[in-house]
Number of protein chains: 2
Amino acid sequence: MLDTTTPRRRTDTRKRLLDLAERSILAKGFASTSIDELIAGVGITKSGFFYHFKDKNDLARALLRRHLDHERAIMDELFRRADELNDDPLHGLLIALRLFAEMMAELEEVHPGCLVATLCYQDQLFDQTVHALNAESVLAWRRRFRARLDAVAKRYPPSEPVDLDALADMVSTIIEGGLVMGRALKDPSILPKQILLYRDLIRRSFAR
Amino acid sequence: MLDTTTPRRRTDTRKRLLDLAERSILAKGFASTSIDELIAGVGITKSGFFYHFKDKNDLARALLRRHLDHERAIMDELFRRADELNDDPLHGLLIALRLFAEMMAELEEVHPGCLVATLCYQDQLFDQTVHALNAESVLAWRRRFRARLDAVAKRYPPSEPVDLDALADMVSTIIEGGLVMGRALKDPSILPKQILLYRDLIRRSFAR
DNA sequence: GGCTTACTTTACCTTGGGTACAGTTCAGCA
DNA sequence: TGCTGAACTGTACCCAAGGTAAAGTAAGCC
């Protein structure tokens with residue numbers, strides 16, 4: 001990843017726009033985050049905004065790409081920590097899920113919510129590139145957990161047949177659903193609890 | 001000039017507005033469903049719209065209330081059918097979940113998505129009444145499934161302690177998450193599969 | 001025949017997402 | 001020291017969408 005933009009003056013305006021937009025979009029949604037509000041926040045003019053992003057869609061695209069990179073880094077680190085202490089795939093996965101639940105619980109306030117859902121439910125505001133990026137993000141989670149589940153199933157063949165893709169997708173399902181629930185009920189404890197229930201399902205699915 | 005085929009005076013205009021709005025909002029989101037589009041669709045003027053609803057929020061409120069009633073009726077009927085054939089609470093719940101998965105699978109195209117999430121992720125567009133209605137809808141699901149789970153746990157005491165509220169909330173979590181996933185991947189088969197996985201968790205949780 | 005319901009008509013306001021394009025400021029290089 | 005290009009500013013204007021305000025009108029009901 002090379003930094004192609006090495007501007008002279010305010011070198012971080014683009015980044016500050018992205019930061020502010022991310023916060024605002026997660027808090028209020030994309031449609032309700034106005035360009036006016038963003039430029040007021042970072043102290044530039046409307047023309048300045050359009051210098052950095054060709055339109056609002058372009059902003060969404062940049063935001064999503066950055067988010068995906070960040071998310072991947074966090075999950076890589078989480079699994080690294082989970083694998084550090086043992087080499088059993090099932091234990092590793094269970095530890096990772098516990099760490100993940102704890103991580104989600106530590107965000108004391110209601111979790112800002114996931115860009116995936118935010119983008120999904122405002123479909124027509126975005127172009128094909130944004131939709132593709134969104135889908136790719138979900139598929140990355142499927143691949144990550146599917147690989148883990150394959151390793152687990154190999155070591156601990158399940159007593160009943162299990163749909164491993166569906167089981168892998170359930171992670172994303174629970175995160176997205178848990179965030180919606182947490183938002184609807186204004187209760188941030190829901191998501192971590194749901195993750196632990198998923199952990200339970202994994203444990204029971206591969207128990208000897 | 002008078003158009004005799006479309007009488008000036010109709011009694012179902014409000015209903016037709018709600019129907020069209022529901023379809024449009026589920027397909028495109030609330031923010032992107034314009035009043036202009038709705039009035040063009042039902043053939044009235046803008047003032048006509050504001051005669052029926054004081055503003056867009058009022059439309060959302062009416063829509064949500066109608067949706068909640070409809071949803072409740074559907075679930076009542078589903079559980080009635082599930083209970084018809086047996087009187088074991090666990091079997092009844094498992095049958096209901098299978099029926100529910102089948103129901104979701106039968107909506108061939110990508111399911112329109114749930115109003116709860118749609119409303120959640122566009123928070124600031126709505127007032128307190130809408131948020132309260134939304135939360136109430138989720139709580140209704142919790143109560144419904146919590147009652148079922150209580151009956152199951154009474155008959156089949158779980159071997160390990162189970163958080164029954166979280167387990168009840170997991171239904172909503174999976175529906176909301178499954179819809180988001182289905183939308184992101186344009187794959188309507190995801191939600192039914194996730195519901196069946198949940199069914200599996202229930203089965204395993206109360207297995208003797 | 002009068003009241004109510006269900007609108008229409010006209011006119012105007014504000015916010016927000018742009019487009020267009022000319023001008024300005026400053027860092028770094030040659 | 002002056003030129004270039006990146007990062008903007010400023011001005012001006014367009015269109016869509018969500019309203020607001022208020023008067024008028026046609027049809028149905030008692």
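These values consider heavy atoms only, across backbone and side chains, with no hydrogens, waters or symmetry-generated copies. Chain A is the first sequence line, chain B the second, and so forth, proteins listed ahead of strands; every chain is numbered from 1.
Here C:dT19 is the nucleotide among C:dT19, C:dC7, D:dC8 with the atom lying nearest to any side-chain atom of A:Phe50. Here C:dT9 is the nucleotide among C:dT9, C:dG18, C:dC7 with the atom lying nearest to any side-chain atom of B:Thr45. Of the listed nucleotides (C:dT8, C:dG18, C:dG16), C:dT8 has the atom at the smallest distance from the side chain of B:Ser47.
Looking only at distances, no side-chain donor or acceptor of B:Arg146 sits under 3.5 Å from a matching main-chain atom of B:Ala168. Judged by distance alone, with hydrogens and angles left aside, the side-chain atoms of B:Glu37 form a donor-acceptor pair with the main-chain N or O of B:Ser34 at under 3.5 Å.
Look at CZ on A:Phe49: it is 18 Å from P on D:dG10, rounded to the nearest Å. Across the protein-nucleic acid pair, A:Asn57 atom CG and C:dG18 atom P stand 8 Å apart, rounded to whole Å. Going from atom CG of A:Leu59 over to atom P of C:dG16 covers 16 Å, rounded to whole Å. In this structure, A:Ile35 atom CD1 and C:dG16 atom C1' are separated by 8 Å, rounded to whole Å. Between the NZ atom of A:Lys46 and the P atom of D:dC13 there is a distance of 14 Å, rounded to whole Å. Rounded to an integer number of Å, the gap from A:Leu38 CG to C:dG17 P is 8 Å. Rounded to whole Å, the distance from CD1 on A:Ile39 to C1' on C:dG17 is 11 Å. Rounded to a whole Å, the CD1 atom of B:Ile44 is 17 Å from the P atom of C:dT5.
Side-chain atoms of A:Lys56 stay outside donor-acceptor range of the base of C:dG18, with no qualifying N/O pair under 3.5 Å.
Here B:Ser32 lies out of heavy-atom contact (under 4.0 Å) with every strand. Using a 4.0 Å heavy-atom distance criterion, B:Ser34 is classed as a sugar-phosphate-only contact.
The neighbour count for B:Arg199 CZ, taken as heavy atoms of other residues, nucleotides or ligands under 6.0 Å away, is above 12.
Where A:Asp36 and A:Lys54 each meet DNA chain C at their nearest nucleotide, the meeting point lying more 5' is that of A:Asp36.
Relative orientation of the A:Phe126 and A:His131 rings is perpendicular, given thresholds of 30° and 60° on the angle between their planes. The aromatic rings of B:Phe145 and B:Trp141 lie parallel to each other, their planes meeting at an angle below 30°, with 60° marking the opposite boundary.
An OP1 or OP2 oxygen of D:dA7 is reached within less than 4.0 angstrom by a side-chain nitrogen or oxygen of A:Tyr51. A sub-4.0 Å separation between OP1 or OP2 of C:dC7 and a side-chain N or O of B:His52 is present.
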